[in-house]
Amino acid sequence: MLDRTLLRRDPEAVRRSLHRRGQDEAAVERLVELDRVAREAQTRSDALKAEKNVLSGSIAKAANKKAAAAELRPKLASLDEQIAAVDAEGAAANAEIDERIQQLPNLLADSVPDGTDESANVTVRTWGSPPAFPFEPKPHWELGEALGVLDFERARKLAGSRFAVLTGDGARLSRALIAFFLDRAHRAGYREVVPPFIVNRETMWSTGQLTKFSDDMFHLSDWDFFLVPTAEVPLTALHRDEILDGAMLPIQYTAYTPCFRKEAGAAGKDTRGLIRQHQFEKVEMVWLSPPEYSFEALERLTRDAERLLEELELPFRTISLCGGDTGFNAAMTYDLEVWLPSQGLYREISSCSNCTDFQARRANIRFRREPKAKPEFVHTLNGSGLAVGRTLVAVMENYQQADGTIRVPDALVPYLGGQTVIGR
RNA sequence: GGAGAGAUGGCCGAGCGGCUGAAGGCAACGGUUUGCUAAACCGUCCUACGGGGUCAACUCGUAGCGAGGGUUCGAAUCCCUCUCUCUCCGCCA
């Protein structure tokens, strides 16, 4: 959520950001006007209430309170009427402001590339190069079904489409990745967390997932709870409504969780297999940072994610998302895209964002620099480190061998008890 | 799921319907005293929003005692609803 006073002080900055995101700027003008109306109403209301308080006070001091009250009753009744009318005016304006301001996305960082769609994204780094296969590389679902480690048929029976069952070495490889990711995060200074996988509405709202336009989350029908769409939600909201000691910052958290998303929309051929699922698993990394450090933190967070791919020796590139492609909460985002031989393209495997104070304002996460200092909002950052299913896909496809078996990346061998090949 | 107790400022804890932003204590901060520490004494010490302002260290106003309603000229104090926390019993991993 944007700062209301920002709209008053610098509406032009908000307009510019919306424009760069390719969104309608008209909302800004309306908000500025509503803000003016609301403030004017408050000023009048406060003055009327002050007048009423003075009269009430005079009754308290009167010798004969009953008589004093009777005498002032008409005057007070008239004030009550006026107050009610002015307050209604102010409340209406405030309600509309709340409604509208919640729908404005975060202010883009200056360094975000211009552009309205993904074609304008900028590649900032490329690591490794796509492997040359002396045979036609197979897609992961073919490899997985042949090896008996991926089972989409039975997943359909158990749950439906867009679910998968991992068995045998598929399940073990998945678990190895999770352990590998968490170990590396631990080394990089992240504190490991096992959060609830189901959260309440306030939590979901506080991290900006619940807006008018998003209904990608699974909502329990009999309770007002949501299945987490990403560990970003519980990790970021962990310190909701708290004032942290500035000396504790930055705070780094990591968690492994399942993630649940409706992923409404057409099932295309590029979403075949494990790429796009209603349930997937992810290790997430979250930072709570002092404002002045958050963009440096974004670089570190992104590097932490990149190193995982480097250790796994999976070719990838890092791209800086342009304004039109940057998410609602983010001021700036780097996506990591891993090479998928079967599709012959780079595919998103991690997304690292600096949400600045946008989530912190909603979630009311603040800190004090000094014991007596005024509380300030922290900056929140989140990034995948990494998406487990997609990493599994990348490993299977990049490490496949002519006979359909899969070599285990060196970094994962210890996590598979020394096993170096996934075969039949 | 059943029964009971409670919710006041950073913490503890008072509070008769009117001068209570809220006694008192602790903690914290500034100062005096002190060889150092401790103690003692004095002072400061909530937040949000709005108005005025040399926009900052100022000032005025409004609101806030779990949340939301109601009664009243006036509510922390009376009434209603809700939420949450704690304890005991049951059930379970």
Side-chain angles (χ1 to χ4, degrees), chain A residues 1-11 13 31-102 194-206 210 220 222-226 234 237-249 257-258 357 360-378:
Chain A
M1 188 161 61
L2 292 179
D3 182 5
R4 196 162 152 173
T5 60
L6 175 72
L7 279 159
R8 193 181 309 156
R9 278 200 325 266
D10 195 1
L31 274 164
V32 169
E33 169 61 13
L34 284 166
D35 179 59
R36 195 193 59 70
V37 169
R39 272 155 55 219
E40 195 264 344
Q42 188 187 333
T43 305
R44 271 191 293 149
S45 170
D46 283 355
L48 290 167
K49 284 173 185 162
E51 192 180 338
K52 182 178 171 180
N53 286 343
V54 168
L55 294 181
S56 281
S58 74
I59 294 175
K61 289 190 201 98
N64 185 339
K65 293 187 173 64
K66 279 209 161 69
E71 190 188 332
L72 288 171
R73 190 157 294 137
K75 178 69 179 159
L76 287 160
S78 150
L79 280 172
D80 280 342
E81 257 178 60
Q82 294 176 61
I83 290 168
V86 175
D87 279 352
E89 201 180 307
N94 280 318
E96 193 178 336
I97 288 171
D98 288 345
E99 167 96 16
R100 284 170 175 272
I101 205 166
Q102 283 176 30
V194 179
F197 304 154
I198 298 174
V199 299
N200 58 33
R201 179 173 289 275
E202 292 71 37
T203 298
M204 198 57 93
W205 185 87
S206 72
L210 270 186
L220 302 192
D222 50 349
W223 275 7
D224 196 15
F225 287 136
F226 296 83
L238 206 55
H239 294 291
R240 177 153 68 84
D241 293 324
E242 290 183 27
I243 299 177
L244 303 166
D245 176 358
M248 290 165 61
L249 300 182
T257 69
D357 61 359
R361 184 169 294 105
R362 274 194 174 211
N364 193 26
I365 309 166
R366 296 175 294 170
F367 76 103
R368 283 188 222 274
R369 290 178 190 276
E370 304 294 334
K372 301 285 279 184
K374 252 178 110 68
E376 300 172 55
F377 290 113
V378 302

Contact between P195(A) and L238(A) at the side-chain level, heavy atoms closer than 4.5 Å - yes or no?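 A side-chain contact under 4.5 Å is absent here.
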Pairwise side-chain contact, E40(A) with E89(A), heavy-atom cut-off 4.5 Å (strictly under):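 Yes; the side chains approach each other to less than 4.5 Å.
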Side-chain donor/acceptor of [X] to backbone N/O of [Y], under 3.5 Å:
X       : Y       : answer
S45(A)  : Q42(A)  : no
S206(A) : T203(A) : yes
T43(A)  : R39(A)  : yes

Tell me, what's RNA chain B's dot-bracket, Watson-Crick or G-U with both distances under 3.5 Å, | for other-strand, [ ] crossing? ((((((((.[[[..)..(.....]]].(((((.......))))).(((((((.....))))))).[[[[[..)....]]]]])))))))....
Is L76(A) touching bases, backbone alone, or none of the nucleic acid, heavy atoms closer than 4.0 Å? sugar-phosphate
Check every strand shown and say whether K52(A) touches a base, only sugar-phosphate, or nothing at a heavy-atom separation below 4.0 Å. sugar-phosphate
By nearest nucleotide on RNA chain B, pick out whichever of T43(A) and R73(A) is the more 5' one.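 First, find each residue's nearest nucleotide; the 5'-ward one identifies T43(A).
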Between D35(A) and D80(A), whichever has its closest RNA chain B nucleotide further toward 5' is D35(A)
Rounded to whole Å, how long is the line connecting atom [atom1] of [X] with atom [atom2] of [N]?
X       : N       : atom1 : atom2 : answer
R366(A) : rC46(B) : CZ    : P     : 15 Å
I97(A)  : rC49(B) : CD1   : P     : 13 Å
I243(A) : rA48(B) : CD1   : C1'   : 12 Å
N94(A)  : rA48(B) : CG    : C1'   : 13 Å
E242(A) : rG10(B) : CD    : P     : 14 Å
R361(A) : rA48(B) : CZ    : C1'   : 15 Å
D241(A) : rG66(B) : CG    : P     : 17 Å
K374(A) : rA48(B) : NZ    : C1'   : 9 Å

Take atom P in rA7(B) and the same atom in rA67(B), then report the distance between them in whole Å. 13 Å
C1' atoms of rU62(B) and rA3(B), separation to the nearest Å: 44 Å
How far apart are the closest heavy atoms of [X] and [Y], and which atoms are they?
X       : Y       : result
W205(A) : R362(A) : O-NH1, 2.8 Å
R361(A) : L2(A)   : NH1-C, 3.6 Å
D357(A) : F377(A) : CB-CB, 4.0 Å

Going by an N to O cut-off under 4.0 Å, is there a salt bridge joining D35(A) and R100(A)? no
Using the side-chain heavy atoms of R8(A), tell me which of these nucleotides is nearest: rG18(B), rG50(B), rG74(B). rG50(B)
Salt bridge (charged side-chain N to carboxylate O under 4.0 Å, His left out) between R240(A) and E202(A), worked out: CA-CA 10 Å; R240(A) 177 153 68 84; E202(A) 292 71 37; 5.3 Å; no
Can you give one letter per nucleotide of nucleotides 57-64 of chain B, going 5' to 3': B for a protein heavy atom under 4.0 Å from the base, S for sugar-phosphate only, - for none? ----BSS-
Is any side-chain N or O of R39(A) closer than 4.0 Å to OP1 or OP2 of rG51(B)? yes
